[in-house]
Amino acid sequence: MFDFTAVIPSIPYILEGIGVTLQIVVFATIIGLVLGILLALCKIGNIKPLKWFAEFYTSIFRGTPLVLQLMIIYYAMPQILGFNIEAMPAAIAAFGLNSAAYISEIIRAGINAVDKGQQEAAKALGVPYSKMMKDIILPQAMKNILPSLMNEFITLNKESAIVTVIGALDIMRRAYVVGGQTFRYLEPLLIAGVIYYVMTLVLTFLGKMIEKRMKRSD
């Protein structure tokens, strides 16, 4: 049933996809975090147009499939822009924009969970709103929502496998290429599954380590 002899020489080729996957995940997470914070601030703010925009943005990106968003950016956007978009930038943009919608909800919930007395005290002391958010509210919120952010990061790592539909040479795409060359798909796909599983375990471990360190600093 299993015959890895034809696939073993290609394992280093599949492992090279880890770098591609991590690039997509890391850059998409940075975009998602920055944009997610801005969207969360818009949602809890008093400026209605910004609040409506943030809610609409979240609704669109949470209400449509990620693979659809990816294919629109990679295949459809060139019709508007007039030039082709490479697979990696398209993947980073799609995952970053999608992740921002979910992260904004996580951060909004974290901000709302901070004791209201903190904001009242800051206002009473005359602390400007921007400084209050940056130095008082957001640090506390980020500490509380760290587990949820790590879960989003881990989910993003697994979901990145769909970039194979646009030809990005990540782990999954390389496993598929090896399957096509050897005419055996089960073995390379199993190897890809093990790689994703190990990456998830490592990320979970790192998340727990960060959590423990932050608890010690309390």
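At a threshold of 4.5 Å between side-chain heavy atoms, the hydrophobic network of Ile, Leu, Val, Met, Phe, Trp and Tyr places Leu39 and Ile106 in two separate groups. Under the 4.5 Å side-chain heavy-atom criterion for Ile, Leu, Val, Met, Phe, Trp and Tyr, Met150 and Met209 are members of distinct hydrophobic clusters. When hydrophobic clusters are built by joining Ile, Leu, Val, Met, Phe, Trp and Tyr residues whose side-chain heavy atoms come closer than 4.5 Å, directly or via intermediates, Ile103 is not grouped with Leu50. The hydrophobic cluster containing Ile111 also contains Ile136, counting ILVMFWY residues as joined when their side-chain heavy atoms lie under 4.5 angstrom apart, directly or transitively. Phe61 and Phe153 end up in different hydrophobic clusters when Ile, Leu, Val, Met, Phe, Trp and Tyr side chains are linked at under 4.5 Å.
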_Using the rule given for side-chain hydrogen bond (donor to acceptor under 3.5 Å, both in side chains), can you reason through Thr200 versus Lys158, listing the C-alpha separation, both sets of side-chain angles and the distance that settles it, and then say yes or no?_
CA-CA 8 Å; Thr200 299; Lys158 292 182 292 183; 5.5 Å; no
*side-chain contact (heavy atoms from CB on, under 4.5 Å) assessment of Tyr74 paired with Val165*: CA-CA 10 Å; Tyr74 185 70; Val165 301; over 6 Å; no
*Checking side-chain contact (heavy atoms from CB on, under 4.5 Å) for the pair Arg173/Val163: CA distance, chi angles, key distance, verdict?*
CA-CA 8 Å; Arg173 183 68 181 181; Val163 298; over 6 Å; no
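In this structure, the side chain of Thr164 does not engage the main chain of Ala161 through any donor-acceptor pair within 3.5 Å. A side-chain donor-acceptor contact under 3.5 Å links Glu187 to the backbone of Asp3. A donor-acceptor pair under 3.5 Å is formed between the side chain of Ser160 and the backbone N or O of Asn157. A distance-only check finds no donor-acceptor pair linking the side chain of Arg108 to the backbone of Ala40 [under 3.5 Å]. Checking side-chain atoms of Ser59 against main-chain N and O of Glu55 turns up no donor-acceptor pair under 3.5 Å. A donor-acceptor contact shorter than 3.5 Å links the side chain of Tyr57 to the backbone of Leu97.
Atoms OG1 and CZ, from Thr21 and Arg174 in turn, are 9.0 Å apart once rounded to the nearest 0.5 Å. Note that the CD1 atom of Ile47 and the CG atom of Leu41 stand 10.5 Å from one another [nearest 0.5 Å].
The two residues Ile73 and Met77 come nearest to each other via the heavy atoms O-CB, 3.2 Å. Heavy atoms only, all atoms of each residue included: Ile171 and Ile18 are closest at CG1-N, 3.7 Å.
We find that Glu120 and Lys123 are not joined by a salt bridge, their nearest charged nitrogen and carboxylate oxygen being 4.0 Å or further apart.
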